[in-house]
S.K.: 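This is the structure I want to talk about, given as structure tokens.
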Amino acid sequence: MGKDVIVACDFSSKQAVMDFLDKFTEEKPYVKIGMELFYAEGPSIVKEIKARGHKIFLDLKLCDIPNTVKKAMSVLSGLDVDMTNLHASGTIEMMQAAIEGLTREDGTRPLLIAVTQLTSTSEERMREQLLIDKPLDEVVMHYASNAEKAGLDGVVCSPLESEKVHGRCGSKFLTVTPGVRFADGDIGDQVRVTTPAKAKELGSDYIVVGRPITAAEDPVAAYRRCVAEFVG
Ligand code: C5P
């Protein structure tokens, strides 16, 4: 599985995302479409970006009863996305149903990645609000292991957790890692950050990079710098 840089296109309109993608005349970056853009523009935005030749990670983080997730995944698979995701907290049964829904008639399907615990969830919130008493990293590893048991392809995690996830779930189990910043860049609201080079060293399979590219003065140069550091 080749390593790649996924650009988080956190824009709120088609105009803004297309203006951004128009800057890339030579390469076709792997694009992450999140809830904001998808809910603003609908499924057609996925088709349009795909038609321009980009791979797409559709980041909608599904979580519902197995039957509903299965049916929704079947619709997303029909949009021809390359990667999508769900919450591992929806249970192994929900994750298995998601794979069934995603699998096309010819047996192919997009990659399916699980969110374990959101990085906005602290151990204290987990204990007090969700009544989960275990340490956060144990919960993250257990959810990753559930995802692997359900047949998923990987998890979203910090580059700092990649090695542990690979140790527990196997080297082929993908780690898709946000929280990436250039050594000389602004960290913004991210807390635990690593550089693209460090993420590569730690074994990340894909890095998800937003503002260091989208808010750069020269986004194409920033993208190329990420690729040079991460893919090599
Ligand atoms: O702009 P920045 O590089 O921080 O963007 C990171 C992207 O990864 C955003 O789309 C953000 O929602 C997403 N993400 C994250 N941390 C997670 C899961 C997803 O930053 N744990």
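Order of appearance sets the numbers: ligands from 1, and atoms from 1 within every ligand.
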S.K.: Quick one: CG on L152 to CG on L86, what's the gap to the nearest 0.5 Å?
M.R.: 5.5 Å

S.K.: With ring pair (Phe, Tyr, Trp, His ring centres under 6.0 Å) as the criterion, how do Y30 and F57 come out once you've worked through the C-alpha distance, each side chain's angles and the decisive distance to 0.1 Å?
M.R.: CA-CA 7 Å; Y30 207 130; F57 170 21; 7.5 Å; no

S.K.: Any nitrogen or oxygen of R181, main chain or side chain, under 3.5 Å from a nitrogen or oxygen of ligand 1?
M.R.: yes

S.K.: Between R225 and E229 (salt bridge meaning N to carboxylate O under 4.0 Å), is one present in this structure?
M.R.: yes

S.K.: Would you say N85 and V115 make side-chain contact, with heavy atoms under 4.5 Å?
M.R.: yes

S.K.: So which heavy atom in the protein is nearest atom 12 (O) of ligand 1, and how far is it from that ligand atom?
M.R.: K32 NZ, 4.2 Å

S.K.: Would you say the side chain of C9 lies within less than 4.5 Å of the side chain of V7, judging by non-hydrogen atoms?
M.R.: yes

S.K.: Which distance, rounded to the nearest 0.5 Å, do you find between the NZ of K47 and the CD1 of I56?
M.R.: 11.5 Å

S.K.: Could you tell me, atom by atom, which parts of ligand 1 come under 4.0 Å of a heavy atom of R211?
M.R.: 1 (O), 2 (P), 3 (O), 4 (O)

S.K.: Can you report which non-hydrogen protein atom sits closest to atom 21 (N) of ligand 1, along with the distance?
M.R.: T119 OG1, 3.0 Å

S.K.: Show me which atoms of ligand 1 lie under 4.0 Å from any heavy atom of A8.
M.R.: 7 (C), 10 (O)

S.K.: Closest non-hydrogen protein atom to atom 9 (C) of ligand 1, residue and atom name please, with distance?
M.R.: D10 OD2, 3.4 Å

S.K.: Identify the protein heavy atom lying closest to atom 20 (O) of ligand 1, giving its residue, its atom name and the separation to 0.1 Å.
M.R.: Q190 NE2, 2.9 Å

S.K.: Any idea which protein heavy atom is nearest atom 8 (O) of ligand 1, and the distance to it?
M.R.: P178 CB, 3.5 Å

S.K.: Hey, is P212 touching ligand 1 through its side chain, its backbone, both or neither, going by heavy atoms under 4.0 Å?
M.R.: side chain

S.K.: Within a distance under 4.0 Å of any heavy atom of G210, pick out the atoms of ligand 1 and give their elements.
M.R.: 1 (O), 2 (P), 3 (O), 5 (O)

S.K.: Is there a donor in the side chain of R104 and an acceptor in the side chain of T108, or the other way round, less than 3.5 Å apart?
M.R.: yes

